[in-house]
Amino acid sequence: MCEDCGCGLPAGIPVTVSGPGHQDHGEHEHQHHGHDHGHGHDHDHGHDHPHHHHPSEPGAEERQTLDLRHAILEKNDRLAERNRGFFRARGILVINVLSSPGSGKTTLIGETIRRLGKRLKTAVIVGDLATDNDARRLRESGAPVVQINTGTVCHLEADMVARAVKQLDTVGLDLLIIENVGNLVCPASYDLGEDLRVVLLSVADGEDKPLKYPPMFHLAGVVIVSKLDLDRACDFQREAATANIRHIAPHARLFELSAKTGAGLDDWCDYLVKQHEAVKHRDPLAS
Amino acid sequence: MHELSIMQSALHQALREARLAGAARVHEIRLRIGVLSGVVPDALQFAFEAITPGTAAEGALLTIEEVPARFWCAACRREFVSENFYAECPDCGVPSGELRAGRELELSSMEVDHV
């Protein structure tokens, strides 16, 4: 924080500003004086008193600074924690599946459910701006599916998930797969209460997607290179893609698979079963 | 374009705080936005100008401090700022698993009428 005026701006930090008077603050000069903020103002004279010490900024001495430090998404974060508590108490593994549109989320989820078979009882919540096409596709796998239509909203939020979960029978459920809206930017900001973020990078997406969308890839617990059957047609550079994923998400577990041919799917499903074992035996009150 | 809803949340919180403080006018709102938050400051500015007219923050200044990505290198026992978001320590090359700053979406402070 700025030592001079308490305005929250470390000196030298580039700021983006708008509105009247921004040219005054753009250089981070201190027209307003911290020493006047917050004192008692117990003078009994009227408001026609001359405040000669601020001739360059009339009215500035009438202001006060409110120090807030509020998380802007505090409400979503709180609801996400509530979801997380609900899922943990029931021993449900929850994964939030994210990618750009067309990277193969729906196909992968459908094939994952088929291959898991009776190993994990699975349900799906799927978000799209419009249509229930994905829900209809996913129901062919036999799992219960709830479609969320977000309208114009480009991501899922924790309260949408909470409402969708109410439509599911969660008794005995092992795995909840949340297919987020196809978008590599906005969903990164919203915790849904998941255990794991799974980010897909299809071989058609380009090897540098992780470098172009670092917020999304940084938060990935798992990165899946999908549509591996198309790698030659797309001239996919495997080493470059892996290196880029490692730069941004060094901690992420990496899978390469094709939901179409089934290559790599067994490793992915075994991983989910192991993750579920860990969740099932976890102390719900452990952080 | 989730910046509109994020700006609406921030403005809602700011107006509530101004009301609690008994202030009729908001002169400036300050945000801290991490470079790994997934939020674009320019889009927040655009949203701010669109949603403040008719509120106590009409004509107010929006100041956004961008918070760089700062990782902790456990091997070197020091923090480093990553301009390109790479998690590897520039000195030892070991990837960091600990992001210490850069995901902020924070309403940090505001200037209101003195009451």
Side-chain angles (χ1 to χ4, degrees), chain A residues 1 6-10 13-22 24-26 32 36-38 41 59-76 152-155 157 183-190 210-211 213-219 246-251, chain B residues 1-3 5-7 9-10 13-14 17-18 20-21 23 25 27-28 30-42 44-46 48-49 52 59-67 69 84-88 95-97 99 102-115:
Chain A
M1 177 173 294
C7 73
L9 296 173
I13 289 284
V15 293
T16 317
V17 291
S18 74
H22 70 269
D24 291 336
H25 209 81
H32 52 94
D36 246 14
H37 298 170
H41 254 277
E61 63 274 27
E62 313 289 342
R63 297 180 183 183
Q64 61 175 328
T65 303
L66 303 181
D67 202 6
L68 303 171
R69 295 180 214 186
H70 288 179
I72 296 172
L73 292 180
E74 186 263 343
K75 189 178 166 196
N76 185 75
T152 56
V153 180
C154 49
H155 57 270
E157 297 185 12
N183 180 337
L184 268 182
V185 184
C186 310
S189 305
Y190 294 87
L211 307 185
Y213 298 90
M216 181 61 82
F217 281 89
H218 174 77
L219 290 170
R246 286 285 163 247
H247 285 314
I248 305 299
H251 45 274
Chain B
M1 246 311 271
H2 61 317
E3 282 81 359
S5 70
I6 285 175
M7 198 60 242
S9 298
Q13 290 177 26
E17 291 297 330
L20 288 173
R25 290 270 300 127
H27 300 284
E28 184 174 353
R30 304 189 189 97
L31 309 179
R32 295 179 77 236
I33 303 296
V35 292
L36 278 170
S37 67
V39 171
V40 182
D42 279 352
L44 289 176
Q45 287 286 356
F46 181 80
F48 184 74
E49 284 159 34
T52 44
L61 189 67
L62 178 67
T63 306
I64 298 176
E65 176 196 337
E66 285 195 72
V67 183
N84 56 6
F85 312 113
Y86 285 20
E88 292 97 338
S96 165
L99 183 74
R103 294 209 64 231
E104 292 79 357
L105 275 177
E106 184 184 276
L107 171 62
S108 49
S109 66
M110 59 197 279
E111 294 281 317
V112 298
D113 281 339
H114 201 292
V115 184

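Residue numbering restarts at 1 for every chain, and letters A, B, ... go by the order of the sequence lines.
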Might you point out which heavy atoms bring A:S189 and B:R103 nearest each other, and give the distance in Å?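 The pair with the smallest heavy-atom distance is CA-NH2, 4.5 Å.
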
So which part of [X] gets closer than 4.5 Å to some heavy atom of chain A, the side chain, the backbone, both or neither?
X     : answer
B:R25 : neither
B:L31 : side chain
B:T52 : neither
B:V35 : backbone

Determine the sole option in B:E111, B:H27, B:H114 for which the side-chain hydrogen bond (donor to acceptor under 3.5 Å, both in side chains) test with A:T65 is passed.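 Running side-chain hydrogen bond (donor to acceptor under 3.5 Å, both in side chains) over B:E111, B:H27, B:H114 with A:T65 returns exactly one hit, B:E111.
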
With side chains defined as the heavy atoms from C-beta onward, is the minimum distance between [X] and [Y] less than 4.5 Å?
X      : Y      : answer
B:L36  : A:F217 : no
A:Y190 : B:S5   : yes
A:D67  : B:R30  : no

Chain B contact via A:L219 - which portion, at a heavy-atom distance below 4.5 Å: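 The side chain, not the backbone.
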
Kindly write out the residues that satisfy ring pair (Phe, Tyr, Trp, His ring centres under 6.0 Å) with B:Y86, not counting sequence neighbours, or none if the list is empty.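 B:Y86: ring pair (Phe, Tyr, Trp, His ring centres under 6.0 Å) contacts with A:H247.
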
Contact winner vs chain B - A:A188, A:P250, A:P214, heavy-atom pairs under 4.5 Å: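 Between A:A188, A:P250, A:P214, the count favours A:P214.
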
CD1/A:I72 to CD/B:E106 distance, rounded to the nearest 0.5 angstrom?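 Output value for this atom pair is 8.0 Å.
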
Partners meeting side-chain contact (heavy atoms from CB on, under 4.5 Å) with B:E17 (sequence neighbours left out):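 Applying side-chain contact (heavy atoms from CB on, under 4.5 Å) to B:E17 gives A:L66, A:L68, A:H70, B:L20, B:M110.
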
